[in-house]
Amino acid sequence: MSIIIYYFGLIQLLLFQLFIFKTKTYYEDNNKKIKRTNGSALIISNHRSFMDGIVIALIFFFERLHFLVIDWYNKKRKLLKLLIRIAGGIFIERDGRSLDFIQKSKRITAKGRPILMFPEGGFKFTYEPSKFSEGYIMIAVKTGVKIIPVVNDFNYGLFKRVHVMIGNSIDLSDYSDTELTKEKLKEINAEISNKYLMLFYKLKREKAQKFSNKYDFISPKKGDIIRINAGSHHHYGVYINADEVIQFGYTVNRAGENVIVNSISLKDFCGAKIPEVRTMKRSEKRFIRNAEDIEKYAKSCLGQGGYSIINNNCLDFANRVTLKI
């Protein structure tokens, strides 16, 4: 009966797909497209609103999806709690003392059904994914299922389109006989969180490719992407003012030195060269963040590492800081 109710509700939500989501799905590896979980799995995703779960449920339409949810519901909300349970909710007690949700998750995955979890916790209105809590690792190890990471850009709206990146599955079976100490959980979480962040950057890179790539020799203003010719490549930065250009790395990164987001003066950024400024088509200007938001985002990344020539280089950084992608 619960399956009938689940799919009855999901079919009604197809209207969201037609008018609000219009989901475009990317894959970490196009040769290993995960279109179905093919049984039990733990899907993890970033979180901003109640619609996030609907997007993922519609992507995996032919899977009977369950989801973990904090039990915020008091005695006056018994009917709502019942509906959530019928829809596939697995409740986690607010104080975190009870691990009953792990046993419930085992019973669900034993039936070959996937579970959705948002490791960030509540709704997070941050520029980039927030730190994951470690409960999802316990569930994956105790149930023996693989983790499927999903990145959502939350681009909901009638004249918008949601973009989702599905990553390769993560297997934690090697830890099934390992004592999951706080230190070990922290270590595993750091590794998975880093993989997830790289997936987030890959999605942003995919979206940035649709924008024009024209540069002119004009005076930069706050929030502009600027670049200089470094011979075999261009180096990019985000102009704030004459004393602040925020960049990822340097024009030439020193061997063995950690590449991080840093701030230097325009003079030091350019050296003896004249910078070029990125110009956008009129139709693209609505996708540019306002100057104050660009400055705030860029400065929030100071000291950040994780440089990757493939998905997280100086241009990738400048694009996601300045564009609404």
#### Entry: Steps toward ring pair (Phe, Tyr, Trp, His ring centres under 6.0 Å) verdict (F61, Y7)
CA-CA 9 Å; F61 185 87; Y7 276 104; 5.7 Å; yes
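- With hydrogens and angles ignored, the 3.5 Å screen pairs a side-chain donor or acceptor of S265 with a backbone N or O of D268.
- A salt bridge does not link R320 to D316: none of the charged nitrogens lies less than 4.0 Å from a carboxylate oxygen.
- Of the possible polar contacts, one joining the S133 side chain to the P119 backbone as a donor-acceptor pair under 3.5 Å is found.
- Using a 4.0 Å cut-off between a side-chain N of Lys or Arg and a carboxylate O of Asp or Glu, K299 and E295 qualify as a salt bridge.
- A salt bridge does not link K210 with E284: every distance from a Lys NZ or Arg NE/NH1/NH2 to an Asp or Glu carboxylate oxygen is 4.0 Å or more.
- By the neighbour-count criterion of 12 heavy atoms within 6.0 Å, atom NZ of K22 is densely surrounded, having more than that number from other residues, nucleotides or ligands.
- The closest donor-acceptor contact from the side chain of R85 to the backbone of L80 lies at 3.5 Å or more, if one exists at all.
- Between D224 and K221 a salt bridge is recorded (basic side-chain N to carboxylate O distance below 4.0 Å).
- Y297 does not carry R289 over the face of its six-membered ring by the limits of under 6.0 Å from the centre and within 45° of the normal.
- Pairs engaging residues 144-163 under the salt bridge (Lys or Arg N to Asp or Glu O under 4.0 Å) rule: D153-K207 [sequence neighbours left out].
- Between the side chain of T126 and the main chain of P129, no donor-acceptor pair closer than 3.5 Å is present.
- Using a cutoff of 4.0 Å between basic side-chain nitrogens and carboxylate oxygens, E183 and K186 are not scored as salt-bridged.
- With sequence neighbours excluded, no residue forms a salt bridge (charged side-chain N to carboxylate O under 4.0 Å, His left out) with R48.
- Using a distance-only test at 3.5 Å, with no hydrogens or angles considered, no donor-acceptor pair links the side chain of N258 to the main chain of G305.
- E179 places no side-chain N or O within 3.5 Å of a backbone atom of T181 that could act as its donor or acceptor partner.
- For an aromatic pair to be called close, the ring centres must be under 6.0 Å apart, and F101 with F91 fails this.
- Taking the six-membered ring for Trp, F200 and Y196 have ring centres at least 6.0 Å apart.
- With sequence neighbours left out, the side-chain contact (heavy atoms from CB on, under 4.5 Å) criterion links D177 to no other residue.
- Salt bridge annotation for E28-K202: absent, with no cationic side-chain nitrogen under 4.0 angstrom from a carboxylate oxygen.
- Ring geometry for F118 versus H47: interplanar angle under 30°, hence parallel rather than tilted (30 to 60°).
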* Check against side-chain hydrogen bond (donor to acceptor under 3.5 Å, both in side chains), E128 and Y201 -> CA-CA 9 Å; E128 299 186 356; Y201 295 152; 3.1 Å; yes
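- A cation-pi geometry, defined here as NZ or CZ lying under 6.0 Å from the six-membered ring centre and within 45° of its normal, holds between K24 and Y26.
- When D52, V55, V162 are each tested for a side chain to side chain contact (heavy atoms under 4.5 Å, CB included) with F154, only one passes: D52.
- Looking at heavy atoms from C-beta onward, F248 lies out of side-chain contact with Q304 at the 4.5 angstrom threshold.
- Ring centroids of H234 and Y215 are separated by 6.0 Å or more, keeping the two rings apart.
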